[in-house]
Structure formats: structure tokens, C-alpha cells
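Structure record follows, encoded as C-alpha cells.
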Amino acid sequence: MKTTPTTFQSAFEEDVYKGLTSFPKYLLSKYIYDEKGDKLFQQIMAMPEYYLTNCELNILKKHKSAIAEIINKKGGFDLIELGAGDGKKTKVLLKELVDKEYDFNYLPIDISQSVLEELENSLKNEIPEINVKIQQGTYFKTLENLADYSNRRKVILVLGSNIGNLLHENAIEFLRNIQEAMTAEDMLFMGFDQKKDPQKILDAYNDATGITEAFNKNLLTRINKELDADFNTDNFIHWETYDPESGTAKSFLVSKENQKVAINKLDLEVSFDAWESIHTEISQKYDDAVVEWLAKEAGLEIQTSFQDNNNYYKNYIFRKKM
Ligand code: AVJ
């Protein structure tokens, strides 16, 4: 029998080892996002089936004036965006804030420095009036240091229903971290994908063109590349489920056959039974009751919310509960 190595060279190595030696097997969805994963996610956001992007864009377009008026107060503010990405949706709001001549700085935070630099450059061209200060880092680290680089009233932006990758207990912890960085005057503006026709959700996470399949399988591709492994991605199928009771969409990779995979850098051989699964991602769907509960657990309360015409998607504004 193999013993667990006591030293790993990275969190990735340790998490892959843990996930593939557990029963049932799992991998963490955050590791999908290497350079290739980032590109595949961009493609997902452009697919017609992936309704989330357009819903949120439409909400911002339709309600930009009302949103801008709510977040502006005397004395100006810092608009801090967690996971800024290409800023396509944010730019709608930024333009509105500039048109209204509000006094604000834009502080986008992202894990990827190159994404941030691209965003900064595109803003220089498209909305040169904005005062931008990019910040590379993870959500948690930057939240801890928020006070160091923002000394004005804070409006924190988290778009894209990114919270949906977190189990409720972790979502509460994430919200609690934000709440602790907030004062009574600060606001949190956040997108939550809503419960809806289960078929609509399944189609968004299992497109016929196979982009989501490639996105999910990028976990295996990345392990092959970085950990010298020999996964044959054709030996796995992408499988999506949605439980309308819990509102949880779950992604799996399912082994089509009995097979062994060598992960040389971990000195590990992983055996798969035919039809054994690897759980890879959750994409949680919400309703008002669940969002209210998450907020309450994190010491926040909902000030107001905005939705699209179909009620597929909602953006909530939270305040710190005093
Ligand atoms: C980036 C977490 C919002 O769960 O909808 C898209 C990631 N996974 N298609 C989501 C994703 C499969 C996405 N988030």
C-alpha cells in the first residue's frame, strides 16, 4: 500500500492527491482555470446556452441608472471588483458612473495579472476618465488587506454568480470575510443565478458543441501537463446533474472503463472502475429565501435587488447588519 507523501511542492499537488485518493473521487473546480481554462471559460460566456452572462449584462444595462444612484453618496467611493475578468459587464456600470460625474476610483482585483493589464489598457481607451488601480491576488488575501489600499467608502462588486462554486457553508464564510471588511456605509453588489427550468440549467452546463466538456476535462489535461500524468481524456465523459430541490448543478467526469492512470510527479497510480465518477464542480442556483439566509448567517442584509425579465438571474445589494 502507498503511504501519503508528507511533502507536496504545491497546493495543487496536495489537492489532486487528496481528491483522487478519496472515495468518492473529486477534484477542485478552481484548478480548471489555467491559461487554457481561462480561454475555455471565455468561450463558455459567449455561448448562447450560457444565459448567465447576458442576463447579468441586461440587468446592468436596464438598471444602471438606479444602481449608480444607490451606490453613490457624498464623499465619493472606491469601487472594488473581486474577480474582474475582462470587465465587459462592469464597463456598463463604469460608463454610467462616469456620465453621472460621480467621484470614484475603480479597483479591480483578479488572480491573473495579464487579465488585469488587459482590462487596464482597454479602460484607458474606452473610458479614459476613470481612475483605475489594479490589484493582483486571491479574494481572501486581498480582502484581508482591503483597508490598506482603500480608505474611502467601499462598494464591493462580485459579478458572474461566482459564489455558486461554493457550498453554502463556504459561501457564508466568503460573505463573512467581505462583511468583516465592510463598515456601515459600505455596500456589496453581487450576482446570484436563480432556480429555473432544470432543462435550461442542464443545457447551460452541457452544451452540444462540447465547450463545457473541454472546460471540465481541462482538469485532467492540466494534471497531465503539470504533474506528468497519462489521463486519456477520451476515456471519460462529462456528466451534468441538476437537483431542483437543493438548486445544485453538479459536474462529473465519469470513467468509461476500468482503467489505471499514472500521476508520476505524485508517485501515484489511480485506479478507476468502469463508470466510477470524479466530482469536479458545483454551480449553485438560488432563490430569495436562500440568499436571505446566507446573508443573515454572514451578518449582512439585503437592501434591494435587480432581476432580468425572465427572473433567471438576480443582482442583490447587501449592507452590513448593524
Ligand atoms: C464561473 C462559477 C460562475 O458555475 O456558472 C461555467 C463556471 N462552469 N460552466 C458557473 C462554469 C461550467 C461558472 N462560474
Side-chain angles (χ1 to χ4, degrees), residues 26-57 59-60 81-90 108-112 115 138-140 157-168 170-171 173-175 189-222 233 236-243 246-254 278-286 290-291 294 308 312-316:
Y26 69 89
L27 290 167
L28 300 179
S29 61
K30 65 177 177 185
Y31 293 120
I32 298 173
Y33 301 91
D34 62 359
E35 209 174 307
K36 184 163 172 235
D38 286 344
K39 287 216 178 83
L40 286 164
F41 184 58
Q42 298 282 352
Q43 283 176 256
I44 286 176
M45 287 194 293
M47 319 189 300
E49 296 92 336
Y50 196 70
Y51 58 84
L52 290 81
T53 316
N54 265 327
C55 286
E56 193 167 46
L57 188 62
I59 291 171
L60 289 167
E81 181 166 18
L82 305 185
D86 67 1
K88 186 179 172 215
K89 291 171 283 186
T90 318
I109 297 166
D110 203 281
I111 190 90
S112 159
V115 158
T138 62
Y139 287 8
F140 284 95
L157 214 57
V158 190
L159 301 182
S161 203
N162 284 337
I163 193 171
N165 278 163
L166 303 178
L167 294 168
H168 287 321
N170 299 329
E173 195 192 328
F174 174 53
L175 289 170
F189 183 90
M190 202 160 173
F192 290 76
D193 194 22
Q194 299 288 299
K195 290 180 180 169
K196 61 181 65 60
D197 182 341
Q199 192 60 55
K200 181 98 190 153
I201 294 168
L202 286 176
D203 291 346
Y205 291 91
N206 191 14
D207 59 292
T209 38
I211 297 170
T212 309
E213 176 186 349
F215 175 79
N216 195 10
K217 285 185 177 178
N218 193 47
L219 279 165
L220 307 184
T221 310
R222 183 172 182 185
T233 58
F236 291 83
I237 58 167
H238 167 67
W239 191 256
E240 192 67 28
T241 67
Y242 176 67
D243 174 0
S246 63
T248 309
K250 268 183 161 187
S251 304
F252 298 91
L253 292 166
V254 183
I278 310 172
H279 169 50
T280 54
E281 188 182 38
I282 71 160
S283 297
Q284 182 65 36
K285 307 306 163 200
Y286 302 88
V290 171
V291 175
L294 293 173
D308 64 301
Y312 283 168
Y313 194 95
K314 244 169 155 166
N315 289 84
Y316 297 80

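In each ligand, atom 1 is the first atom listed, and ligand 1 is the first ligand listed.
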Examine the side chains of N216 and S251 and answer whether a donor and an acceptor come within less than 3.5 Å of each other. no

Other residues, nucleotides and ligands only: do more than 12 of their heavy atoms fall within 6.0 Å of NZ on K195? yes

Tightest non-hydrogen contact, residues I201 and K285, listed as CD1-CG, 3.8 Å

Could you list all the salt bridge (charged side-chain N to carboxylate O under 4.0 Å, His left out) pairs where at least one residue sits in residues 197-209, not counting sequence neighbours? none

Residues Y313 and K196: side-chain donor-acceptor under 3.5 angstrom: no

With hydrogens left out, which residues have an atom under 4.0 Å from ligand 1, given that only heavy atoms count? Y33, F41, I44, Y50, G160, S161, N162, N165, Y205, F215, E281, S283

Measure up the F41 and F215 rings against each other and bin them: parallel (under 30°), tilted (30 to 60°), perpendicular (over 60°). tilted

